[in-house]
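Everything on this sheet refers to the single structure shown next.
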Amino acid sequence: MNASRARMIWSVVTWTIVLAVVFPLIWMIVTSVKPQSELFSIPPTLMPETITFEHYRRLLTDTPFLQYFRNSMILAVTTTVVVVVLGTLGAYSLVRFKYRGRETLATLVLFTYLMPSVVLVIPLYLMMAKLGLANTLASLVIAYTTFALPYALWLLRSFMSSIPVDLESAALVDGAGRMGAFVDVVLPQALPGIVSTALFTFILCWNEYLFALVLVNSDSVRPLTAGTMNMLITSFNIDWSLLMAASVMMSLPLIVIFTFLQGTLTKGFGAGAVKG
Amino acid sequence: MHSDPPPSLEKRYARIGVVLIAPTVLVFCAVILYPLISAIYLSLFSIYTPTLAGEWVGVDNYTALLASGDFWNAALNTLIWTVGTLMLQLVFGVAMALLLNQSIVFQSLARSLVLFPYFLSTVVAVLVWRWLFNDLYGILNHVLLIAGLIDAPVNWLGQMPNAMISIILVGAWKYFPFVVIVVLARLQSIPEQLYEAATIDGAGPFQRFTDITLPQLRDVLVVVVLLRAIWDFKEFDLIYLMTGGGPVRATQTLSLLVYEEAFRLNRMGMASTYAVAMMLVLLGFTLVYLRQTNRLEEG
Amino acid sequence: MAEVVFEKVRKTFGSTVAVNDLDLTIDEGEFVSLLGPSGCGKTTTLRMLAGLEEPSGGTIRIGDRVVNSVPPAKRDIAMVFQSYALYPHMTVGKNIAYPLKKRGIREPERSERVMATARLLELETLLDRKPAQLSGGQQQRVALGRAMVREPQVFLLDEPLSNLDARLRAHMRAELIELHRRIGRTMIYVTHDQLEAMTMSTRIAVMNAGVLQQFATPADIFHRPANVFVAGFIGSPAMSLVEGELVGSGGGDGERRFRVHCGALDVALPAGLLNRSAAPGPISLGIRPEDILLGSGHHTAAVGVVERTGHESIVRLEAQGTPLIVRAPGDTPIESGETVRFSLRVERLHIFDSTTGLRLNADTKDS
């Protein structure tokens, strides 16, 4: 059949490219389980001859990796919770209420959403020093809010505006006040959007590097990104297996979230990010 | 105040709306607006980072900026990086989206896998690529050597133009999935009837692509280009971690320049000046973006 | 008393006037339709009554209470939306129970009332389903049930049947009439479908461009349209409206006599057809399709398209440049292209002043 042959050809072409795209990630995993001796063999072995989890063990016991992981988790979760709570209320207000300055506010949100962190990092650095928050997790939560809040507001706004207004009108007529309608009808409807936004925000915070680089300088508060990079920079001999193991571990939460988000990715996120 | 006449519904609702947005506005003012304004204020000072001692210099920083070779060098690098990586992302992203829109085996798995680099931490991406690029043990050099494309290992990150090409490639790899997501979503919303009608009218596959697919994608592509241009323009992590702006200053973009001025050369006032200049460029981008999206909403 | 009164009610959105100085008094227990083309302000009027929009001017009263700024929850109204607006995350039972819950009605009374309503609408077996699992007709019933369960003073219905297919719509029309008869509450019904308005209403308020055109019983609206707009809007196929000239033809016996000249048509009007304000000048002549009799008479016309539905034939005529539409019996032996003779039932002609658009017939009630 002609159609099935075309399908075969497209499949082979597409999958070749897909595998090429994900090859660096495959290589990351392969490297992380290769024994040190095999790492520098020439030519490199594509599949490791022996699989070892030695690097993972060293990562967890000999390095502050677990501390970094804990810091990143606290940071990302705290920021996400704060930002999603504020953003849900704020986005609802922007979408469904009329008051002076609303349009200006929405534009301002967009502007800050597109604002480079590097512009804010200097004044924030000074601000943290003044507030006595220098080198604390709190300073990073505050700093992360600067990009996470506009981002969450922007996503939530597009999720919320897709909820039919009639539902709220019906709730009002049925005896609810504005807040009652919000709790009874809007929140349950917006829940998938809120969850997606929370997950995206989490990813954003989890991956952040610049603020982590500038605002903290001790291992007790350093998140994963800055911490792992510090391992690279401060080590005398670059230990690639260890770094690849760290990379894999660092990506684990993302893989979990990613599988969870698959559906939204092709629909919601595209719409949210572009339509605004 | 008198209780009659009762306050209008609209006023009461507006009050609820303001209460709901108030926390956001407060946080905005504290962590974004205030720092932004102080960035502009700082740009009028000369500040030594370790002591934070400042001295008013007025617009001296700005005159220095215009005369500074570093600034123009960084601006040019930013332009090369942004244009280069954006073009690759666009071409590769659209092509990939078209492929993934075909009926292929394990279609949804392929779609998910392709998106992965976008959600990866830049730190991870950079570590992986630096390992791939490693001149002695990196697999890239080996593969190219075996394929006979090069005769000696290439120094990917320490030489020009290799360093610029490398970051442009990695940038394209990391960010093209965004183009895929958006374009794929748009492709799926093109009604099948359009293609059927065109086929009946005698259009071949290529004509169907140019006459239906491309025009349908146009609006969404404009928005994608604008957004990606903004994000690539301000990229810091990827370039800083790949090359640190080197060799020398050959890949130093504006973001890296701001960082270097503030935290390496300890000149916060000057760094703020560079930052404000970046902000102005982005303001321009944002206005264009707003105009475009408003036009789309009306259209 | 739950009469509903609009006094000089206005609603503007920016510079557009959606509703202009509306005066309307709806008696308790009436079934009133707000009828008009889309954008005529009928839905805005309903939403103002519901409290979903706030009037820009004037007063709205339900009973003797001014409700302009009363939130919807405190108005004792219920509303059925065009989209049904069923809460997607709640089951049918929870949807119907929601208004009761919001008004603090406790179990077991709440469940009893939900069951009673469900039984009335034959929804008992669907109570545990989610709205998405229901057919359009079932969703419509749930929306109705959610409105009925609380027994409000006033029911508001915003094009509730427009998303149903034709057969179901006819069925639901009959059910709504029956429902109104049984519960006897005031119902206000927004529609653009004149058939719905004519069959269900005690009175119809015809609106156009934010202005109330006529508020009267269906029979009055049909037989005595107050102006050219109502005349042209009500009736299907629409009344033929022909521009012409009203001329006096002094009867000699002291009574005022008139003729109308409309192109080829020259008709002597019967004595007493027109009211006192009628005077020679430009007019619009309105002829209902059923008031033209084919076969004999001293007018002639060319036959255009003939649409046969079986029990009747809709015939398009052209009388020397004047287009007319005729409703004839289904078996009328007539073919496109031939010339026919016809006569008019002159006592049923409608005459409107060309400049004001107002009806000039003597049977127009002064109000």
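In what follows, chains carry the letters A, B, and so on, assigned in the order in which the sequence lines appear, proteins first and then strands, with residues in each chain numbered from 1.
- Per-residue heavy-atom pair counts under 4.5 Å with chain A were compared for B/L42, B/T122, B/L241, and the maximum is reached by B/L241.
- At least one donor-acceptor pair closer than 3.5 Å links the side chain of B/K234 to the backbone N or O of A/M115.
- Listed options B/A271, B/A14, B/P35, B/A30 were ranked by heavy-atom pairs under 4.5 angstrom with chain A; first place goes to B/P35.
- A/F147 does not touch chain B: none of its heavy atoms, backbone or side chain, sits under 4.5 Å away.
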Criterion side chain to side chain contact (heavy atoms under 4.5 Å, CB included) on A/W240 and B/N134, from CA distance to verdict: CA-CA 10 Å; A/W240 283 109; B/N134 188 291; 3.4 Å; yes

Worked verdict on B/F263 versus A/Y125 for ring pair (Phe, Tyr, Trp, His ring centres under 6.0 Å): CA-CA 10 Å; B/F263 301 105; A/Y125 177 84; 5.1 Å; yes

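- Contact tally against chain A (heavy-atom pairs below 4.5 Å) for B/L109, B/V128, B/I37: the top residue is B/V128.
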For side chain to side chain contact (heavy atoms under 4.5 Å, CB included), just list the numbers for A/F97 and B/V18, CA-CA rounded to whole Å, side-chain angles, deciding distance to a tenth of an Å, and then say yes or no. CA-CA 8 Å; A/F97 288 88; B/V18 170; over 6 Å; no

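- The closest side-chain heavy-atom distance from A/F23 to B/L132 is below 4.5 Å.
- Contact tally against chain A (heavy-atom pairs below 4.5 Å) for B/V258, B/L140, B/L113, B/V25: the top residue is B/L113.
- For a residue to count as touching a neighbouring chain, one of its non-hydrogen atoms must lie under 4.5 Å from one of that chain's; by this rule A/V109 touches chain B with backbone and side chain alike.
- Side chain of A/W206 to main chain of B/S121: no donor-acceptor pair is present (N/O by atom type, distance under 3.5 Å, no hydrogens or angles).
- Taking the side chain as every heavy atom from C-beta outward, A/W10 and B/S103 never approach each other to under 4.5 Å.
- When heavy atoms are compared at a cutoff of 4.5 Å, B/F233 does not approach chain A at all.
- With a threshold of 4.5 angstrom between heavy atoms, B/F106 approaches chain A through its backbone and through its side chain.
- Contact count against chain B (heavy-atom pairs under 4.5 Å) is highest for A/L114 among A/L114, A/L120, A/L149, A/L126.
- Between chain B and the options A/M244, A/K98, A/M28, heavy-atom pairs under 4.5 Å are most frequent for A/M244.
- Within the model, atoms OH of B/Y13 and CZ of A/R96 stand 13.5 Å from one another, a figure rounded to the nearest 0.5 Å.
- No donor-acceptor distance shorter than 3.5 angstrom exists from the side chain of A/S11 to the backbone of B/I104, with no hydrogens or angles considered.
- With chain B as partner, the option from A/L210, A/L108, A/V22, A/L243 having the largest number of non-hydrogen pairs under 4.5 angstrom is A/L210.
- With a 4.5 angstrom heavy-atom cutoff, B/A110 touches chain A via backbone and side-chain atoms both.
- For the options B/V114, B/L282, B/L127, B/I230, heavy-atom pairs under 4.5 Å to chain A are most numerous at B/L127.
- Under a 3.5 Å cut-off, the side chain of A/W15 and the backbone N or O of B/V105 do form a donor-acceptor pair.
- The CG atom of A/L94 sits 10.0 Å away from the CG atom of B/L20 when rounded to the nearest 0.5 Å.
- Using a 30° and 60° split on the angle between ring planes, B/F236 and A/Y209 fall in the parallel class, below 30°.
- For B/Y274, no part sits under 4.5 Å from any heavy atom of chain A, backbone or side chain.
- In the model, A/T31 has a side-chain atom that pairs as donor or acceptor with a side-chain atom of B/W131 under 3.5 Å.
- Panel note: side chain B/S38, backbone A/P123; no donor-acceptor pair is recorded below 3.5 Å.
- Both the backbone and the side chain of A/F111 come within contact range of chain B, judged by heavy atoms closer than 4.5 Å.
- Contact annotation: the side chain of B/Y240 approaches that of A/L213 to within less than 4.5 Å [non-hydrogen atoms, C-beta and beyond].
- Heavy-atom distances place the side chain of A/M179, and not its backbone, under 4.5 Å from chain B.
- With chain A as the partner, the residue from B/E10, B/R130, B/Q107 showing the most heavy-atom pairs under 4.5 Å is B/R130.
- With a 4.5 angstrom heavy-atom cutoff, A/L19 does not touch chain B via any of its atoms.
- Considering only heavy-atom pairs separated by less than 4.5 Å from chain B, the leading option among A/I203, A/T228, A/L25 is A/L25.
- In this structure, the portion of B/V126 lying under 4.5 Å from any heavy atom of chain A is its side chain and not its backbone.
- Of the listed residues (A/L110, A/L89, A/L254, A/T14), the greatest number of heavy-atom pairs within a distance under 4.5 Å of chain B belongs to A/T14.
- In this structure, B/D237 contributes its side chain and A/E208 its backbone to no donor-acceptor pair below 3.5 Å.
- For a residue to count as touching a neighbouring chain, one of its non-hydrogen atoms must lie under 4.5 Å from one of that chain's; by this rule B/I32 touches chain A with backbone and side chain alike.
- Chain B forms the most heavy-atom pairs under 4.5 Å with one residue out of A/L124, A/L204, A/I255, and that residue is A/I255.
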Candidate pair B/I21 and A/Y99, rule side chain to side chain contact (heavy atoms under 4.5 Å, CB included), full reasoning: CA-CA 11 Å; B/I21 195 85; A/Y99 44 86; 3.7 Å; yes

Check against side chain to side chain contact (heavy atoms under 4.5 Å, CB included), B/F28 and A/L153: CA-CA 11 Å; B/F28 245 78; A/L153 264 172; 3.9 Å; yes

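- Using a 4.5 Å cut-off between heavy atoms, B/F92 touches chain A through its side chain atoms alone.
- Proximity to chain A (any heavy atom under 4.5 Å) is restricted, for B/V27, to the side chain, taken from C-beta onward.
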